[in-house]
Protein chains: 2
Amino acid sequence: MARVRMSDVAVAAGVSTATVSMVLSGAGSDRISPQTQARVREAAAAIGYAPNSVARSLRTQRTRMIGLVSDTIATTPFAGRMLAGANDVARDHGNLVVLVNTDDDAAQERQAIQALTGQRVDAMIYARMWHRVVDAPAGLPADTVFLDCRPAQGGWPAVVPDDRRGGVVATRELVAAGHRRIAYVDAPRDDEVVASRLRHEGYLEVLAEAGITPDPALHVRGITDAGGGRAATEELFALPAERRPTAIFCFNDRMAMGAYTAAYRRGLRIPDDLSIVGYDDQQLIAAEIDPPLTTVALPHYEMGRWAMEVALGVRESDRDAPLLMDCPMIRRDSVGPPPTPAGN
Amino acid sequence: MARVRMSDVAVAAGVSTATVSMVLSGAGSDRISPQTQARVREAAAAIGYAPNSVARSLRTQRTRMIGLVSDTIATTPFAGRMLAGANDVARDHGNLVVLVNTDDDAAQERQAIQALTGQRVDAMIYARMWHRVVDAPAGLPADTVFLDCRPAQGGWPAVVPDDRRGGVVATRELVAAGHRRIAYVDAPRDDEVVASRLRHEGYLEVLAEAGITPDPALHVRGITDAGGGRAATEELFALPAERRPTAIFCFNDRMAMGAYTAAYRRGLRIPDDLSIVGYDDQQLIAAEIDPPLTTVALPHYEMGRWAMEVALGVRESDRDAPLLMDCPMIRRDSVGPPPTPAGN
DNA sequence: CTTCTGTGTTTAATCGATTAACTGCCGCGC
DNA sequence: GCGCGGCAGTTAATCGATTAAACACAGAAG
């Protein structure tokens with residue numbers, strides 16, 4: 001591999017390494033004569049010189065590497081979009097990202113933070129795959145950015161999805177279609193995962209603004225997969241006919257998938273007999289089930305970008321309050337007007 | 001952050017930096033007296049010393065970082081499992097992975113390879129998200145491992161899924177259940193993506209061994225999503241009754257999802273009226289659709305591990321032939337015996 | 001003919017470790 | 001009493017860049 005050193009270029013061009021360094025880095029290029037500059041550049045190109053970043057980093061105390069520690073890159077299809085956002089920004093600024101997956105294990109997390117600190121990454125991003133409130137792990141450098149989570153203590157830049165607003169948009173979509181009996185198929189209660197609570201707040205807010213009295217029976221919970229969504233939906237169907245919902249807002253797309261199944265088993269057609277809105281915009285589900293699902297998208301790519309921009313210092317941030325990133329509505333075909341009462 | 005240098009430890013312990021280095025690295029710990037060793041360790045702990053990997057790398061010419069360049073981490077839910085495998089092995093050997101996503105863009109790929117080379121990563125992994133034959137990009141260091149792709153020219157270690165064998169297992173599952181009219185819902189023809197051809201070979205091989213004459217009408221193609229799978233399946237349903245398949249092997253789970261839709265629209269029940277086998281074991285689909293899908297899993301985690309092990313030199317590899325990694329059968333509920341002819 | 005002022009380039013220190021080669025000392029054998 | 005070997009560490013070179021400070025030379029000013 002590239003065994004060519006700067007001194008080789010210097011010899012080839014008949015100058016000192018200082019000159020080579022100045023020419024190639026652009027610094028003080030006004031102090032070096034054009035002829036010399038050309039000679040240096042030619043020599044460098046001729047012998048195929050590529051700078052050794054390790055040596056440069058040692059001297060400049062900057063590695064141009066950003067550490068990204070995440071709990072689980074493996075088990076969620078979201079991870080990629082966050083990484084992609086961070087990666088794109090890093091690349092555009094000539095930086096590299098060093099990724100560590102900690103499997104949500106405290107010991108591994110500590111080890112990862114140490115390794116990255118030892119490697120002298122310029123900054124760090126601490127990412128979690130589900131919007132949470134976390135305790136900032138010890139040893140994090142001051143220039144750490146929290147991604148899709150926020151530190152309980154505050155004091156760090158952080159970005160999370162605006163889940164309350166997402167709940168608003170989703171519910172409003174249903175209200176706008178004419179629904180009045182709107183259920184919320186929620187995740188199990190968990191105080192660390194704040195998305196569930198926030199989306200519920202948004203849901204209630206819209207009901208209030210539409211003058212709809214919330215029916216507690218329409219707020220059901222289940223584990224956050226298709227099975228849980230199906231079971232929760234079946235609970236709703238068990239209600240007396242006049243209390244049954246004409247529309248369901250599901251905590252996520254997987255639960256929505258379960259709601260589809262429950263509906264079909266009952267002979268209900270979507271969106272004719274039942275409207276459904278999901279959350280997450282999981283490509284594999286939302287775009288592919290039948291009919292395609294109207295859902296609220298999580299801004300993972302944008303959050304990844306934002307976090308990296310702050311980490312690189314090219315964007316200002318507020319250390320006291322996390323940035324709430326907008327969750328856009330993705331309209332597909334699972335929402336329609338409520339069925340007209342029998343015998344229309 | 002850690003501004004503590006080795007010389008600070010040396011002063012605190014009243015020895016030279018050479019001694020500190022030897023004690024802390026373990027090398028030549030037989031040359032240093034136990035008392036001195038203890039003194040050094042205490043001093044290091046007391047002032048919170050952490051070695052500077054950049055300086056060490058410069059001296060030792062090893063960075064303990066492995067570069068991983070991949071085409072798309074963003075758009076596939078598989079990526080995570082490959083990364084996780086590679087990451088786990090790297091961690092267990094005290095290495096870090098530097099990830100670059102190139103968006104399948106040649107210019108970005110070149111730039112990434114340069115950046116990683118400049119950063120003096122110890123080895124590189126060149127990953128693609130779909131099993132392919134690729135031209136090895138210029139500039140790749142000699143110790144590069146190909147992951148989920150193999151270089152057309154050969155000469156590098158590479159690992160890919162054993163797609164032919166996957167086709168065999170899938171088809172055999174259907175034959176074993178008693179099916180004789182088995183369709184293959186294939187991806188569009190594409191010579192670079194070799195999975196399609198290989199799985200088809202496996203499919204034909206099993207038909208042959210079972211003494212079934214392949215019916216060309218049962219080999220249909222479509223784009224590799226639910227829509228494509230549904231359209232292709234509907235083609236099959238359009239066949240005269242006696243030529244229609246009782247079982248379908250789908251190129252991937254998304255197409256299988258489309259096959260489900262087509263079946264339900266026709267009033268067919270799975271697996272009673274139609275058996276289906278998918279490929280990929282996409283968690284979000286396979287485990288969650290109704291009924292859960294029997295499918296062939298892609299060994300992404302294992303491939304990621306293997307590639308990293310070879311990159312770190314802890315595993316031997318053959319540079320002439322890619323390793324074919326086994327694709328295990330995941331049995332769920334979408335396969336049953338063929339329906340007995342009407343009026344059983 | 002000095003002294004001064006800019007240019008253009010070089011010298012050398014530095015970043016923080018690793019490690020080959022060396023030193024000083026003690027004990028032992030003859 | 002002298003030399004030799006082994007122990008316990010130290011000295012100093014090295015990795016490959018960056019960069020402040022020094023320097024050499026030419027032309028202008030006095």
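When reading the values below, keep in mind they use all heavy atoms of this one structure, side chains included, and skip hydrogens, waters and symmetry mates. Order of the sequence lines fixes the chain letters, A, B, ..., with proteins taken first and strands second; residue numbering starts at 1 for each chain.
Remark: B:R128 does not engage B:D148 in a salt bridge, criterion side-chain N to carboxylate O under 4.0 Å.
The residue A:T36 sits close only to the backbone: its heavy atoms come under 4.0 Å of sugar-phosphate atoms, none of a base.
Spacing between atom CZ of B:R62 and atom C1' of C:dT19 amounts to 16 Å, rounded to whole angstrom units.
When only modelled atom types and interatomic distance are considered, A:R39 and A:Q35 share no side-chain donor-acceptor pair under 3.5 Å. B:T102 and B:D71 form no side-chain donor-acceptor contact under 3.5 Å, judged by distance and modelled atom types alone. With 3.5 Å as the limit, one finds a donor-acceptor pair spanning the side chains of B:R41 and B:Q37.
Partner B:M124 forms a side-chain contact (heavy atoms from CB on, under 4.5 Å) with one of B:D143, B:V100, B:L140 and no other, that one being B:L140.
B:T17 contributes no side-chain N or O that, together with a main-chain N or O of B:A10, makes up a donor-acceptor pair within less than 3.5 Å. When atom types are taken as modelled, the side chain of A:S57 and the backbone of A:R62 share a donor-acceptor pair closer than 3.5 angstrom.
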Reading nucleotides 14-27 of chain D from 5' to 3' and marking B where a protein heavy atom lies under 4.0 Å of the base, S where only the sugar-phosphate is that close, and - otherwise, the string is BBBBBB--------

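Taking 4.5 Å as the limit, every side-chain heavy atom of A:W156 sits out of range of all side-chain heavy atoms of A:R150.
Stem regions annotated for DNA chain D: C:1-30 with D:1-30, counting only runs of 3 or more consecutive pairs of Watson-Crick or G-U type with both contacts under 3.5 Å.
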